[in-house]
Amino acid sequence: MTALKLGIAGLGNAGRAVIRDLTAVPNVALAAVADLRREALAPHRSNPVVATFDSIDAMCRSDAVDAVWIATPNEFHAEHTIAAATNGKHVVCEKPMAVSLEQCDRMIEAAESSDVRLLLHSKAGDPPVEKIRELIGAGRLGRVIQIGTWNYKSWLDLPRLPAELDTSQGGGVVFRQGAHQIDIVRALGGGVVKSVRAATGRWHPRSDTEGNYTAFLEFADGTPAVLVFNGYGRFDMAEITWGIGESGFARAESPPATPSSPASRAESTERPRAGVRRQPFFGLTIVSLENGDIRQSPDGLYVYSEKKREEIPCPPFLDRAGELKRLYEAVVESRRVFADGRWGKATLEVALAILQSSREKREIELKHQLAAK
């Protein structure tokens, strides 16, 4: 079996998460890390099989790696992806893909010119999202008629670097969190968003960046979707997702929802134990179809139809290990994989439209969308 040699550009939270999950993918090996900070590189210098670099460009030029996971700040995604691609390295890029559509175009062109794969870290590949897409495709519940997704979390109350709070550098919740919601909704709605009408807010007393948004998306077939995100940290959506967040682990500080019916009393017993990974919840998403509704459960999906509720299990959530597996399949096995550069560009177009719509107080028509396949 051919092992894929991986380099990680940036050793912040995202880069460390990739290292954490590498052990679940035996055919992808950590070969190099790069970061400007000496203290970030220090734990890896004693590892004889991992090269350390204080320059992203130097790692991208090195023969030590076949592929690079771009986990640097948003404003550098384009620069570092292009550096990797032009040196013949395959790429997985964190969300959002970039800060502008022009940057996305240059990233896509660099990958295509060098005949390398450009993939995106995306929650569209999470098992519950893929399973909902499978159920939609089967047609048993008819066509999708509406999608709603809501997330409330303490994003702005956590320690943040200045760039994370600077919208011009890809900061604020539309850039930093919106890509996840947009990816999920686009995947479930077929991919092609026709237009966006949105409002954003800056209500945090110490942070002059977007802390909340409400967006109405209309897909090409007329399906509507509503996206709500609030990052001020008062209400926590985990209260109604069994205490589970996007990692799939229970948040010990989140109380279970108050039982109000026999069904909810049964669900309250499903609250997972701390340290047990279940399915990830990026807030609460509900998909309504002609003949039923679908939402997540801790281990899969709840499907509501004909006044009955059935639970459908999902494969285990592997977090970034799942994307490392897809990287291997794309590079070594030449498989077509979901959430590539053009998908990332289309998701960024929606995020930019949310910001533009809020500024200009009008509906924004989109031009660069593509179908989910």
Side-chain angles (χ1 to χ4, degrees), residues 4 6 14 17-18 21 24-25 27-28 67-71 77 81 85 90-98 104 107-108 111-112 115-139 144 147 149 178-193 217 219-221 223 225 227 246 248 279-280 282 285 287 294 296 300-301 312 314-351 366 368-373:
L4 193 64
L6 181 71
V18 178
D21 291 346
V25 190
N27 47 14
V28 179
V68 177
W69 190 299
I70 305 297
H77 284 182
T81 293
H90 305 281
V91 176
V92 180
C93 184
E94 285 286 330
K95 55 76 189 167
M97 180 175 174
C104 293
M107 295 161 75
I108 293 167
E112 292 180 348
D115 194 27
V116 297
R117 306 301 292 268
L118 170 56
L119 309 181
L120 273 293
H121 167 53
S122 170
K123 292 192 177 300
D126 285 354
V129 179
E130 292 193 325
K131 181 62 73 172
I132 295 174
R133 292 185 65 206
E134 181 183 318
L135 294 176
I136 292 170
V144 177
I147 303 170
T149 186
H180 283 327
Q181 275 194 327
I182 296 164
D183 267 1
I184 290 169
V185 169
R186 286 188 59 233
L188 300 177
V192 182
V193 179
L217 278 54
F219 283 87
D221 65 358
T223 302
L227 288 68
E246 62 185 291
Q279 294 296 338
F282 193 77
T285 299
V287 182
I294 307 172
Q296 280 186 246
L301 306 176
I312 298 175
C314 288
F317 173 52
L318 302 176
D319 207 346
R320 284 169 172 80
E323 288 164 326
L324 290 168
K325 289 178 65 177
R326 287 190 282 275
L327 172 66
Y328 182 88
E329 291 167 353
V331 173
V332 178
E333 300 175 0
S334 299
R335 295 192 197 179
R336 186 190 182 282
V337 296
F338 191 45
D340 59 9
R342 295 186 188 280
W343 176 269
K345 176 184 175 181
T347 288
L348 179 65
E349 183 186 28
V350 176
L366 304 187
H368 304 288
Q369 298 295 290
L370 77 165
K373 296 180 180 178

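Side chains are part of it too, since the values below use all heavy atoms of this structure and drop only hydrogens, waters and symmetry mates. Note that the structure is a prediction, hence the values are computed from the model and not measured.
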With sequence neighbours excluded, residues passing side-chain hydrogen bond (donor to acceptor under 3.5 Å, both in side chains) with T149
T285

Work out which heavy atom in G191 is nearest to a heavy atom in Q369; give both atom names and the distance.
O-OE1, 3.2 Å

Heavy-atom closest pair (L318 atom, D21 atom, distance to 0.1 Å) is O-OD2, 3.7 Å

Give, for atom CD1 of I294 and atom CD1 of I136, the distance between the pair rounded to the nearest 0.5 Å.
5.5 Å

I'd like to check the side chain to side chain contact (heavy atoms under 4.5 Å, CB included) partners of P280; sequence neighbours left out, ordered by chain and number.
D126, P128, F317

Tell me every residue that passes side-chain hydrogen bond (donor to acceptor under 3.5 Å, both in side chains) with E130, counting only those two or more places apart in sequence or in another chain.
none

Let me confirm one number: the CD-CD1 distance from E134 to I312, rounded to the nearest 0.5 Å.
8.5 Å

After noting the C-alpha distance and the side-chain angles of Q296 and L301, does the key distance pass the side-chain contact (heavy atoms from CB on, under 4.5 Å) rule?
CA-CA 4 Å; Q296 280 186 246; L301 306 176; 4.3 Å; yes

In chain order, what residues pass the salt bridge (Lys or Arg N to Asp or Glu O under 4.0 Å) check against R342, with sequence neighbours excluded?
E112

Any chance you could measure H180, atom NE2, to E246, atom CD, to the nearest 0.5 Å?
5.0 Å

Ignoring hydrogens, what is the shortest heavy-atom contact between A124 and F338? Give both atom names and the distance.
CB-CE2, 3.5 Å

Side-chain contact, heavy-atom cut-off 4.5 Å: L6 with V18?
yes

Between Q181 and L227 (side chain of the first, backbone of the second, donor and acceptor by atom type, cut-off under 3.5 Å), is there such a pair?
no

Specify the closest pair of heavy atoms between A14 and A71, including all atoms of both residues, with the distance to one decimal.
CB-CB, 4.0 Å

Take V91 and V116 through the test side-chain contact (heavy atoms from CB on, under 4.5 Å) and record every step on the way to the result.
CA-CA 8 Å; V91 176; V116 297; 5.5 Å; no

Taking the side chain as every heavy atom from C-beta outward, state whether L118 and M97 have any atom pair closer than 4.5 Å.
yes

Return a table of donor-acceptor pairs under 3.5 angstrom between the side chains of residues 319-327 and protein atoms on other chains or two or more places apart.
unit_1 : atom_1 : unit_2 : atom_2 : d
D319   : OD2    : R20    : NH2    : 2.7
R320   : NE     : E94    : OE2    : 3.1
R320   : NH2    : E94    : OE1    : 3.2
R320   : NH2    : E94    : OE2    : 3.3
R320   : NH2    : H121   : NE2    : 3.3
E323   : OE1    : H121   : ND1    : 2.7
E323   : OE2    : H121   : ND1    : 3.1
E323   : OE2    : S122   : N      : 2.6

Is the closest side-chain heavy-atom distance between L120 and W343 below 4.5 Å?
no

Please report the shortest heavy-atom distance between A330 and L119, naming the atom on each side.
CB-CD1, 4.3 Å

Short question: side chain of H90, backbone of R117 - any donor-acceptor pair under 3.5 Å?
yes

Tell me, with the steps shown, if V332 and N27 meet side-chain contact (heavy atoms from CB on, under 4.5 Å).
CA-CA 10 Å; V332 178; N27 47 14; over 6 Å; no

Value rounded to 0.5 Å, distance of NE2 in H368 from CD in E349
5.0 Å

Are the side chains of Y328 and E333 in contact, using a 4.5 Å heavy-atom criterion?
yes

Does the side chain of V350 come within less than 4.5 Å of L366's, by heavy atoms?
yes

Assess the residue pair C93 and M107 against the criterion (side-chain contact (heavy atoms from CB on, under 4.5 Å)); give the C-alpha distance rounded to whole Å, side-chain angles, the decisive distance to 0.1 Å, and a yes or no.
CA-CA 10 Å; C93 184; M107 295 161 75; 4.1 Å; yes

Note: G300 and C314 closest approach over all heavy atoms is CA-SG, 3.6 Å

Are R133 and L188 packed together at the side-chain level, in the sense that at least one heavy-atom pair is separated by less than 4.5 angstrom?
yes

Contacts of T347 meeting side-chain hydrogen bond (donor to acceptor under 3.5 Å, both in side chains) (sequence neighbours excluded), chain-then-number -> D183, R186

